[in-house]
Amino acid sequence: MKGALPEVVARGVDALATRLDRQRPEGAASLGWRCFQLGVFVLPASALIAAVLLFVALVQGSRGRGGWRGWWADPANRVLALAGLLMVLGALFVQEFEGYSRELAWVGLFNWLPFFWGFWGFQPYLATSEARRRVGLAMVAGTVPVLVTGLGQLFLGWSGPWQILGGLVIWHLKAGGNPEGRLSGLFDYANITAAWLSLSWPLLLAALLAEAKRWRSRLQAGASASGAWALTTVGPLLVVLVLAVLQVVALYLTDSRNAWGALLLAVPIVAGPASWLWLLPLLLLALLPVLLASLPGVPALLQDPARSLVPRSIWGRLNDLNYHSKRKIASLRLSQWSVAASLIAERPWLGWGAAAFSVIYPLRTGTWHGHPHNIAFDLALSYGVPAALLVVGFVLGLLIRALRLGMAKGPVFDRAWWAAALVLMVLHASDIPMYDSRVNIAGWILLAGLRCWRS
């Protein structure tokens with residue numbers, strides 16, 4: 001018995017390694033490919049463990065590719081190099097002021113410069129549609145703890161912190177959500193959870209569509225088989241369907257308008273152009289009562305019936321009725337963007353330094369906010385307008401290039417990959433979830449996958 005357990009463990013490890021080696025892209029190191037998939041899988045649960053695994057994958061993915069010359073050969077990397085240079089110059093010449101230390105400017109670079117390397121080093125693991133499908137499924141599977149902890153905190157009163165591995169993994173759960181009444185789960189804040197669920201939603205939807213198609217094929221092939229056989233083949237489809245329903249519920253419970261928009265935005269893209277003839281009118285018809293209930297200026301004759309049909313929690317949130325009376329003007333997005341724009345105009349070339357907004361905004365408005373809730377404003381304020389234009393243009397360029405080359409019309413998981421990247425980009429127009437390291441890593445993985453499309 002004593003010798004049996006290590007043998008069973010060894011067999012399990014060998015079986016896992018064999019499974020992880022499947023569909024490895026040509027040129028990707030075996031160790032790196034395994035670590036990359038595992039890193040993506042554990043990413044939402046533990047940034048630390050994921051970072052270790054992904055760093056191993058990054059080192060492996062950078063070898064044998066021509067070194068510096070190989071990196072420089074890609075024009076996309078040159079754009080990042082110039083942006084990085086401007087960011088470093090900004091940190092060098094940043095000016096200290098009341099409450100702001102120059103060290104913050106240097107610390108802020110870690111949100112960007114390592115990921116410029118990751119963008120290149122992760123590409124060998126995303127070079128094929130099959131590889132992107134496996135990575136997407138790993139991200140979907142890794143989202144399960146987010147769903148479980150989020151629903152548990154709201155409906156079962158779970159609270160933390162929960163610790164495993166001697167404190168290496170800590171989940172700060174708050175009973176009732178954070179903020180109160182909003183699902184946050186292991187991310188500990190509802191807007192970050194909403195961002196993760198939003199970016200993984202297109203990939204889960206792709207898994208659902210792919211499994212439904214597979215089930216129909218199996219059913220047709222086994223039409224003459226017993227009813228019991230037909231029931232056993234539906235098992236995987238039911239599992240994915242349950243996950244999809246739970247994710248929709250969780251997205252709704254985050255009470256994030258961005259998440260609700262992302263939920264709808266992804267559907268027609270993942271479903272594909274072939275479905276648009278009937279899907280788009282159906283979506284518009286479903287949205288019509290919501291718009292009538294939420295938009296100001298709609299006649300009562302139309303708005304009252306719509307509000308009786310649409311839950312108040314939806315239309316009240318969409319027109320900010322639930323929050324507007326409690327919020328100061330300085331807490332609204334337009335106020336933050338206005339102050340950010342004026343700060344950018346004062347120092348347009350190299351900016352004020354990373355995290356400067358969180359120091360200056362309270363001084364000018366009396367209300368604290370950690371960032372201006374728009375990635376372009378934040379980049380320009382922190383590092384200057386040229387750096388902001390380069391980074392934002394880089395991301396838009398990747399999305400447009402992949403769209404032009406047909407990624408949004410390709411296989412279902414490639415459509416979902418493009419949709420996930422688009423969703424995350426849109427989220428950054430009114431929030432900056434990338435300041436959570438897990439969302440940031442996932443975002444650069446998505447960008448690396450875009451670059452691999454038909455390269």
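What you are looking at is a predicted structure, and each value in this text was computed from that prediction instead of being measured.
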Test item: Trp417 side-chain N/O and Leu446 main-chain N/O as donor-acceptor pair under 3.5 Å: yes

Rounded distance [0.5 Å steps], CG in Leu295 versus CG in Leu302: 11.5 Å

Could you tell me the separation between the CG atom of Leu381 and the CG atom of Asn374, rounded to the nearest 0.5 Å? 11.0 Å

Would you indicate whether the side-chain heavy atoms of Tyr383 and Leu109 approach each other to under 4.5 Å? yes

Quick check on Trp349: does its CH2 atom have over 12 non-hydrogen neighbours (other residues, nucleotides or ligands) under 6.0 Å away? no

Taking the side chain as every heavy atom from C-beta outward, state whether Val42 and Leu38 have any atom pair closer than 4.5 Å. no

Give me the one residue out of Thr365, Leu334, Ile344 that meets side chain to side chain contact (heavy atoms under 4.5 Å, CB included) with Val339. Thr365

CZ of Arg257 to CD1 of Ile314, rounded to nearest 0.5 Å, is 13.5 Å

Contact between Trp260 and Leu264 at the side-chain level, heavy atoms closer than 4.5 Å - yes or no? no

List the atom of Ala207, the atom of Leu137, and the distance in Å for their closest heavy-atom pair. CB-CD2, 3.8 Å

Taking atom CG of Leu284 as the centre, report whether more than 12 heavy atoms of other residues, nucleotides or ligands fall under 6.0 Å from it. yes

Look at atom CZ of Phe110 and say whether more than 12 heavy atoms of other residues, nucleotides or ligands are closer to it than 6.0 Å. no

Could you tell me if Ser430 and Asn258 have a donor-acceptor pair between their side chains, going purely by distance under 3.5 Å? yes

Nearest 0.5 angstrom please: Leu204 CG to Leu199 CG, how far? 11.5 Å

Side-chain heavy-atom pair Leu253, Leu151 within 4.5 angstrom cut-off: yes

Between Gln247 and Leu251, is there a side-chain heavy-atom distance shorter than 4.5 Å? yes

Return the orientation label for the Tyr125 and Phe36 ring planes: parallel under 30°, perpendicular over 60°, tilted otherwise. parallel

Around Leu156, counting heavy atoms of other residues, nucleotides and ligands shown, do more than 12 lie under 6.0 Å from its CG? yes

Would you confirm whether Asn178, through its side chain, and Asp188, through its main-chain N or O, come within 3.5 Å as a donor-acceptor pair? yes

Evaluate Gln153 against Ser184 for side chain to side chain donor-acceptor pair (under 3.5 Å), listing each step before the verdict. CA-CA 8 Å; Gln153 74 179 165; Ser184 54; 3.1 Å; yes

If only atom types and distance count, is the side chain of Trp352 paired as donor or acceptor with the main-chain N or O of Ser382 below 3.5 Å? no

If I take atom CE from residue Met434 and atom CE from residue Met425, how far apart are they, to the nearest 0.5 angstrom? 15.0 Å

Mark yes or no for whether Arg133, through its side chain, and Phe413, through its backbone, hold a donor-acceptor pair below 3.5 Å. no

Within the structure provided, determine whether Leu343 and Phe377 are in side-chain contact (heavy-atom separation under 4.5 Å). no

Considering non-hydrogen atoms only, spot the tightest contact between Val391 and Ala83 and give its length. CG2-CB, 3.9 Å

Please tell me if the side chains of Phe115 and Phe119 come closer than 4.5 Å, counting only heavy atoms from C-beta onward. no

For the side chain of Arg134 and the backbone of Gln23, is there at least one donor-acceptor N/O pair under 3.5 Å apart? no

cation_pi(Arg438, Trp196) dist<6.0 Å, angle<=45: no

Quick check against the 3.5 Å criterion: does Trp158 have a side-chain atom that pairs as donor or acceptor with the backbone of Phe155? no

Can you give me the closest heavy-atom contact between Gly142 and Pro44, atom names plus distance? O-CG, 3.0 Å

Are Tyr361 and Trp368 an aromatic pair, judged by ring center distance below 6.0 Å? no

Using 0.5 Å steps for rounding, measure from the CD1 atom of Ile49 to the CZ atom of Phe41. 11.0 Å

Residue from Val40, Leu53, Leu20 passing side chain to side chain contact (heavy atoms under 4.5 Å, CB included) with Cys35: Leu53

Which label fits His373 and His369: parallel for a plane angle under 30°, tilted from 30 to 60°, or perpendicular past 60°? perpendicular

Between Gly108 and Ala354, the two heavy atoms sitting closest are CA-CB, 3.6 Å

May I have the step-by-step check of side chain to side chain donor-acceptor pair (under 3.5 Å) for Tyr435 and Asp378, ending in yes or no? CA-CA 11 Å; Tyr435 285 131; Asp378 190 67; 2.3 Å; yes

Using every non-hydrogen atom in the two residues, find where Ser159 and Ala175 come nearest and quote the distance to one decimal. CB-N, 3.8 Å

Under the ring-ring contact (aromatic ring centres under 6.0 Å, His included) criterion, do Trp171 and Phe187 qualify, and how do the steps go? CA-CA 7 Å; Trp171 295 348; Phe187 280 97; 9.9 Å; no

Taking only Lys NZ, Arg NE, NH1 and NH2, and the carboxylate oxygens of Asp or Glu, determine whether Asp414 and Arg132 approach each other closer than 4.0 Å. yes

Without swapping roles, check the side chain of Thr143 against the backbone of Val146 for a donor-acceptor pair under 3.5 Å. no

Under-4.0 Å salt bridge between Glu98 and Arg364: no

When you measure from the side chain of Trp120 to the backbone of Asn77, do you find a donor-acceptor pair of N or O atoms at a distance under 3.5 Å? no

Quick one: does NZ or CZ of Arg24 land under 6.0 Å from the six-membered ring centre of Trp33, within 45 degrees of the ring axis? no

Within the 3.5 Å criterion, strictly below it, is a donor on Gln123 or Arg451 matched to an acceptor on the partner's side chain? no

Check whether any side-chain heavy atom of Leu450 sits under 4.5 Å from a side-chain heavy atom of Leu447, and report yes or no. yes

Under a 3.5 Å threshold, yes or no: a donor from one side chain and an acceptor from the other, between Ser294 and Asn319? no

Donor-acceptor contact present, side-chain Trp276 to main-chain Gly272, <3.5 Å: yes

Does Asn111 offer a backbone N or O that forms a donor-acceptor pair with the side chain of Asn440 under 3.5 Å? yes

Can you name the nearest heavy-atom pair linking Ala380 to Ala388, along with the distance? N-CB, 3.5 Å

Do we see a donor-acceptor contact under 3.5 Å between the side chains of Arg182 and Asn191? yes

